[in-house]
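Note sheet for the following structure.
Given the structure is predicted, the values throughout are model-derived calculations rather than measurements. Each chain gets a letter, A, B and so on, in the order the sequences are listed, and its residues count up from 1.
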Amino acid sequence: MNKALRNPLIYILFVLPAFILFLAFFIYPIYTAIDNSFTSWNGISKDVKYIGFDNYATAMSDVAFWKSVKNNVYFILFSCLVQVPLIVIFSLLIANVKRLKGLYKTAVFAPSIMSTAVIGILWGFIYNPDFGLMNQLLGLFGVEPIYWLSDKNWAMLSILITNAWQWTGFYIVMVLAAIISIPKELDEAAAIDGATGWQRAMKITLPLVMPIISVVIMLSIAGAMKAADIILVMTKGGPAGSTDVMATYMIRYAITSFKHGFGNSIAVLIFVFTMIITALYQVLIARRNERIEY
Amino acid sequence: MKKKGLALLMSLLFVSSALLSACGGKGAEKPSGGTGGAAGNEPFEITIRHTQVGESKKFRLALLNDVVSKTEAAVPGLKIKLDAVDSEVNRKEKLRGEMAAGKPPEVFDVFGSPDAGVYAKEGLMLDLTPILDELGIKDKFTTLDPFTHDGKIYGLPIGGSIEGIFYNKEYFEQKGLSVPKSLAELEQIAEAIKADGKIPFAQSSKDAWIPLMTTNNLWSYYAGPEVTYGFKTGETKWTDPKVVEGVKKHQEWVEKGYFKKGELGFEYADMRNQILSGEAIMMMDGSWANSVFRDPEQAGDMVGKIGYFNLPPVNAGDPVVVMQDANNGYGFSAEVANDPRKLQAVKEFIKNMWTDEMQLRGLKEDGVLPAMKMDLETMNSTSDDPLMQDIFKGVSEIGKSFPAFDALVQADVNTALSMGIQQVIGGELDAQKMLENVQAAQEAANATEE
């Protein structure tokens, strides 16, 4: 068989089925999205008119679009600056507990196996201005009821908290797996040398799990750029578009209005922005953390 | 060498079969039964895409099944396949995909505006005008506006609705309040309710179409219902002072605290709950909401305690102007015209579905107002439920009706208006500025169409 694989023709034939699938389900859709983005296609008509960069110009000059981009940036910043530190802290805590580790792992992982629709409804109750848990708790400290999902000043934060709650557990389990795979000797040696728990966490564990944290950040960025479901369930982009991200902007301003050409241009912009951000992250930050040597 | 040859052959077979299966499809369809009408009793099939899914639509499904049986019995060889799909999925995904591929089912659930207009423009929907003339039912509908494009009718509404105010009758009686005759009287009632610590109007504005029911009715009173027809043609403007006055009235109600604080975060069901819990006293909604207030499982002990009246005119005695619409119904594939037997089946389906009997069944079993013209007495005879009687009275009082604005303006304008009303409710914009934005969207949409 090895001999057969050395024949380039057979090699190509083996690769071809996967390549065809890749072409059909990845390259072709991207190509058609890019192609359609230069048209005023309504998603139905056979008559497709090319309009150059008009769709892109429309998006770029629309205040609502930039508002949605800004919300995507909030998603990324919240993920990287709030969610990731929490993930690391909880991972370190769970890795070091002596009892009921399994329970903690299961408990933090549970939200990530729930559907977004269920989570949206669940947190809708928590945020309810009349009887919601949040306002009940804040009420104990004399805080006036907050209209979490109705007030444009709070709605985005409410979604970010819910989204973080949904996915933090999933990433904790990833980081936890990396922590557990670190040879115990390293930690023990440091302990014998007199390092405190804090020092061992910061100087031994954290540097060794940086590649995984880097992956978590990458996944968070990608997740933040394509976020849509949680917003649709919780606020539908409202109030008055204040929680629209690029994907929900695309649905609101393009897809529901039979403007598929414009919708495709937004999809391409999401793709391009995601590529740029992830590439920048890779080049500027992630590459420095790639190698680990025990 | 043998092994190598076998591997090569196997790979070739796999790749070629994958390619062949990928290329298959076109030209592989079976010819549909009969082409010249001479096929006699040879079996043929048509598909009806409907959205009667779930417990709440069981009566409507039973009605459809009866029509299907009658149609099958009348057309030799006809087999009707029912394809049930959730309404939103059908509207936003499945039907659109099928339309894009040029292969919609023969009969399908469709919204008149803007959907049927877009599909009709592409020649994908059957022009029903000659069929309706032949069956003599063209003038029997309350309105066919949402399904009419360039003077041709492309679909038929399954039911109708009006928009008005549901109210807590028991509370009105206790407080000595009576049904208002003018907007000023309505505002007095709202003030009295507010002073009593209750919410005058239940309203959920997470979905903008809900508060827009109030806005649409108000600007239609102040500027006249005809004004909305002119936005698309440029004859009227959203910034016309009378339109602004109407929207300002809605803004004024928000500012006076006639709606519950935080309404922008409430779901549609929440406003019904506000009425049912007694927290709010009145609610602007479509007549379809009667099903909730008549159902003991949903309304509990509030069954029989909810009434209905039309939004009163600005001045007492002026004609009552009410949104009366029929935007959802059935459309038919243009392909049907190429097959006389399918065309016959479609005619038979229309003949059986749009009858007084079926419309009354819809009204009686489901509380859906008829899409076909019907006198008050006939309607009254279907239900002695007090709420339904109130709604029938509401229909009888209509001086002038108009279709919902979204049937008359482009989708982009609807989006701008939806955004705008939420901004007004949220206190971000005033009515004037909001309508300037809507007018800008209207002009852009009009320019695109030109």
Side-chain angles (χ1 to χ4, degrees), chain A residues 1 3-7 9-21 23-24 40-47 58 64 121 124 127-130 145-155 158 234-242 244 251-260 262, chain B residues 3-8 10-12 14-15 17-19 22 91-93 96-102 114-115 117-119 121-124 205-208 260-267 270 279 410-416 418-429 444-445 448:
Chain A
M1 206 58 191
K3 230 181 194 178
L5 279 179
R6 270 185 223 123
N7 183 330
L9 188 64
I10 295 177
Y11 193 83
I12 288 167
L13 284 172
F14 271 111
V15 170
L16 212 51
F19 185 65
I20 288 169
L21 290 174
L23 274 180
S40 58
W41 189 44
N42 66 1
I44 308 292
S45 179
K46 297 272 176 294
D47 183 24
T58 307
I121 293 164
Y127 288 133
N128 187 290
D130 295 332
I146 293 173
Y147 292 87
W148 294 97
L149 300 174
S150 322
D151 186 335
K152 67 184 169 74
N153 299 316
W154 291 101
S158 311
M234 294 192 75
T235 62
K236 298 185 178 164
S242 60
D244 260 335
I251 295 167
R252 186 196 294 270
Y253 288 93
I255 306 301
T256 52
S257 309
F258 288 96
K259 288 161 76 179
H260 279 242
F262 183 54
Chain B
K3 260 187 185 173
K4 188 179 161 187
L6 188 67
L8 192 67
M10 291 287 283
S11 314
L12 201 64
F14 183 76
V15 171
S17 62
L19 275 173
R91 185 181 190 185
K92 302 269 171 72
E93 292 162 34
R96 280 196 194 184
E98 288 162 338
M99 287 291 181
D115 305 25
V118 176
Y119 303 144
K121 201 173 162 192
E122 302 303 329
L124 293 160
S205 303
K206 188 172 176 179
D207 286 306
K260 187 174 177 177
K261 203 175 169 197
E263 61 172 291
L264 286 169
F266 301 147
E267 298 277 359
D270 293 334
E279 188 183 11
Q410 298 90 331
D412 278 352
V413 180
N414 187 4
T415 307
S418 300
M419 183 65 76
I421 196 65
Q422 289 193 331
Q423 287 171 321
V424 168
I425 293 168
E428 276 180 69
L429 290 182
T448 310

For [X] and [Y], which heavy atoms make the closest approach, and how far apart are they?
| X | Y | answer |
| --- | --- | --- |
| G43(A) | A100(B) | O-CB, 3.1 Å |
| G262(B) | Y147(A) | CA-CD2, 3.5 Å |
| F266(B) | P129(A) | CE2-CG, 4.1 Å |
| E122(B) | S45(A) | OE1-OG, 2.9 Å |
| D412(B) | Y253(A) | OD1-O, 4.3 Å |

Give a yes or no on whether the backbone of M234(A) and the side-chain of K206(B) come within a donor-acceptor separation of less than 3.5 Å. yes

Interface moiety of [X] toward chain A, non-hydrogen atoms closer than 4.5 Å:
| X | answer |
| --- | --- |
| Q422(B) | both |
| I421(B) | neither |
| E279(B) | side chain |
| E428(B) | side chain |
| K121(B) | neither |

Could you list the residues that satisfy side chain to side chain contact (heavy atoms under 4.5 Å, CB included) with T58(A), not counting sequence neighbours? F262(A)

With sequence neighbours excluded, what pairs up with D151(A) under the salt bridge (charged side-chain N to carboxylate O under 4.0 Å, His left out) test?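 D151(A) satisfies salt bridge (charged side-chain N to carboxylate O under 4.0 Å, His left out) with no other residue.
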
With chain A as the partner, which of [options] has the greatest number of non-hydrogen pairs under 4.5 Å?
| options | result |
| --- | --- |
| N414(B), V424(B), D207(B) | D207(B) |
| K261(B), Q410(B), K92(B) | K261(B) |
| E267(B), K260(B), E263(B) | K260(B) |

[X] versus chain B, the contacting section by heavy-atom distance below 4.5 Å:
| X | answer |
| --- | --- |
| K259(A) | side chain |
| D130(A) | side chain |
| I255(A) | both |
| T256(A) | both |

Residue from D47(A), T235(A), L21(A) scoring the most non-hydrogen pairs under 4.5 Å with chain B is T235(A)

